[in-house]
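Heavy atoms only: backbone and side chains are in, while hydrogens, waters and symmetry mates are out.
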Amino acid sequence: MNDLSRLGYGLLALLIAFAACAFDSNARPAKTDPDNFVFVGGVASKEIVAIDTRTDRILARYSVPKAVRLLLVARDQRQLVVVTGSPGQIHFLNIDTADFVGSVAPGFHVTAIQLAPDGKRLAVSGTDQIVILNLVTLTVERELKLDSTPASILFDKSGKFLLIGDAERGRIYRANVQNGSEILEIDIGERAGVENPVIHLARTPGGSTGLILHGARGASVLDLKTNSIARHLDLPGRHDRTYPTGNSQYFLIPNVGDGTVSIVSTWTHKESVRLNVGREVMALNTVLADTILIVFSRGSATAAVFDLNYRRRLRDISLPGNPTATATGPNGDKVYVAIGDSRAVATINVHSLRVANTLENIGFTPDIIANSGRLSYCH
């Protein structure tokens with residue numbers, strides 16, 4: 001064999017080795033921007049997969065000791081935050097190496113986690129208590145004791161205060177997480193009542209307006225500048241959660257049992273329009289600078305598309321199965337959809353409004369999708 005042939009075989013072997021590394025689903029991701037990935041988990045699986053949004057390929061797999069319950073991306077710390085159950089533990093994995101950074105056992109059943117705007121702290125809620133974890137040292141910074149169970153937790157834009165919904169009564173708390181002693185109680189009002197506890201809290205990315213869902217009686221708009229209730233709303237059906245748009249102009253509220261989505265303006269604090277989906281809504285994603293709304297329904301292999309400027313239905317998108325979770329890609333040009341019954345993840349191209357790709361080698365039933373939330377509207 002001459003030198004040229006040896007060189008050719010050597011280059012071929014190198015290319016084969018590179019390809020095996022680049023496309024092996026068990027490979028670990030090279031150090032890159034966490035914004036380039038979406039992370040997929042399942043409540044019946046101990047595994048998490050990282051999908052590279054630039055290529056729509058599985059780039060890495062991560063493992064935790066028990067099945068995943070909650071999943072969050074702490075991009076500034078380059079960590080995956082994974083809550084597992086029985087007993088409740090919080091695991092921190094290095095995104096680049098898939099190695100364990102550490103684990104914390106808060107001593108209670110974790111019901112929710114929330115990342116602070118500075119990316120350095122994590123609020124963890126359980127029955128009658130909340131702890132604030134330092135993600136740099138993985139230690140407890142603060143403990144907050146409450147006389148009721150938190151239904152929903154939410155940092156304000158500054159990260160100094162944590163809003164806490166009361167799962168037992170119609171009220172929320174505003175707690176100073178820096179000193180732990182300053183707790184303001186905000187009564188939603190008699191229309192909320194004791195029998196209508198808080199279901200969910202959300203705020204606009206701009207930080208000036210919040211929305212409180214409280215049972216069958218609808219919602220209340222919260223002025224976060226004055227920490228007061230600006231308006232009560234009567235909406236049909238019951239409510240599980242609300243979705244603020246990335247431009248801070250609207251809250252989108254699925255009305256369970258009614259098959260509609262209410263659009264509430266953050267300017268007028270009123271319901272501006274009600275979109276008829278015709279099915280129970282599972283998730284919402286806004287794309288193309290919040291001009292397009294894609295609505296997913298559990299048990300339906302189609303997604304409804306609405307034009308938010310003209311408030312009209314454009315078309316339906318056929319899916320390869322029934323959706324269980326969704327996330328918008330980092331550039332806002334793709335939506336990733338977990339397909340539970342086919343153990344796959346579908347990619348929707350938001351420009352063509354069609355499924356552009358389907359990853360069928362997930363290896364488990366996916367029902368959790370998380371991304372960094374820095375560049376995308378992740379709901």
Could you report the tightest heavy-atom contact between [X] and [Y], atom names first, then the distance?
| X | Y | answer |
| --- | --- | --- |
| A123 | I153 | O-CD1, 3.7 Å |
| A175 | I164 | CB-CD1, 4.1 Å |
| G165 | V198 | CA-CG1, 3.7 Å |
| G210 | F251 | C-CZ, 3.8 Å |
| L146 | P150 | CD1-CG, 3.7 Å |
| M282 | Y243 | O-OH, 3.6 Å |

Would you check if the side chain of [X] reaches a backbone N or O of [Y] as a donor-acceptor pair within less than 3.5 Å?
| X | Y | answer |
| --- | --- | --- |
| R203 | F155 | yes |
| T111 | S125 | yes |
| S220 | H232 | no |
| N322 | D341 | no |
| T266 | Q249 | yes |
| E143 | I132 | no |
| H200 | T242 | yes |
| T245 | Y250 | yes |
| S262 | E271 | no |
| R343 | G363 | yes |

Heavy-atom side-chain proximity of [X] to [Y] below 4.5 angstrom:
| X | Y | answer |
| --- | --- | --- |
| F37 | S372 | no |
| P236 | R274 | yes |
| I348 | F296 | yes |
| T347 | L359 | no |
| T84 | R69 | no |
| V264 | L233 | yes |
| S63 | K46 | no |
| T127 | H109 | no |

Give every residue pair that meets the salt bridge (charged side-chain N to carboxylate O under 4.0 Å, His left out) criterion with at least one member in residues 315-340, sequence neighbours excluded.
->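 Non-adjacent pairs meeting salt bridge (charged side-chain N to carboxylate O under 4.0 Å, His left out): D56-K334, R313-D316.
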Residue pairs passing the salt bridge (charged side-chain N to carboxylate O under 4.0 Å, His left out) test where at least one lies in residues 245-256, sequence neighbours excluded =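 For residues 245-256: none.
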Can we say D33 and R75 salt-bridge, meaning some charged N sits less than 4.0 Å from an Asp/Glu carboxylate O?
->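 Yes.
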So, D96 and R78, do they make that salt bridge, N to O below 4.0 Å?
->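 Salt bridge: yes.
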Give the C-alpha distance, both sets of side-chain angles, the deciding distance and a yes or no for side-chain contact (heavy atoms from CB on, under 4.5 Å) between N255 and H239.
-> CA-CA 6 Å; N255 297 305; H239 309 103; 2.9 Å; yes
Begin with the C-alpha distance, continue with both residues' side-chain angles, and end with the deciding distance and a verdict on side-chain contact (heavy atoms from CB on, under 4.5 Å) for I369 and N371.
-> CA-CA 7 Å; I369 299 185; N371 62 10; over 6 Å; no
If you group Ile, Leu, Val, Met, Phe, Trp and Tyr whenever their side-chain heavy atoms sit less than 4.5 Å apart, what else falls in with V131?
->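 V131 shares its hydrophobic cluster with L70, L72, V81, V83, I90, F92, V101, V104, F108, V110, I113, L115, L122, V124, L133, L135, L138, V140.
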Check step by step if salt bridge (Lys or Arg N to Asp or Glu O under 4.0 Å) holds for D367 and R298.
-> CA-CA 11 Å; D367 42 31; R298 199 178 303 277; over 6 Å; no
Between N176 and K160, does a side-chain contact (heavy atoms from CB on, under 4.5 Å) hold up when you go through it step by step?
-> CA-CA 6 Å; N176 187 325; K160 180 180 179 180; 3.2 Å; yes
Who passes salt bridge (charged side-chain N to carboxylate O under 4.0 Å, His left out) against D118, sequence neighbours left out?
->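 In terms of salt bridge (charged side-chain N to carboxylate O under 4.0 Å, His left out), with neighbours along the sequence ignored, D118 is linked to R121.
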Can you check side-chain contact (heavy atoms from CB on, under 4.5 Å) on H351 and L288, steps first, answer last?
-> CA-CA 8 Å; H351 299 286; L288 298 179; 3.6 Å; yes
Can you hop from [X] to [Y] via hydrophobic side chains spaced under 4.5 Å?
| X | Y | value |
| --- | --- | --- |
| L319 | V287 | yes |
| I229 | I172 | yes |
| I212 | L162 | no |

All side-chain hydrogen bond (donor to acceptor under 3.5 Å, both in side chains) counterparts of D52, not counting sequence neighbours |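 Per chain and number, D52 pairs via side-chain hydrogen bond (donor to acceptor under 3.5 Å, both in side chains) with R54.
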Consider only side-chain N and O atoms of R279 and S300, and report whether a donor and an acceptor are under 3.5 Å apart.
->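 Looking only at side-chain atoms, S300 and R279 do form a donor-acceptor pair, the distance falling under 3.5 Å.
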All ring pair (Phe, Tyr, Trp, His ring centres under 6.0 Å) counterparts of H91, not counting sequence neighbours =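 Here the qualifying residues are F100.
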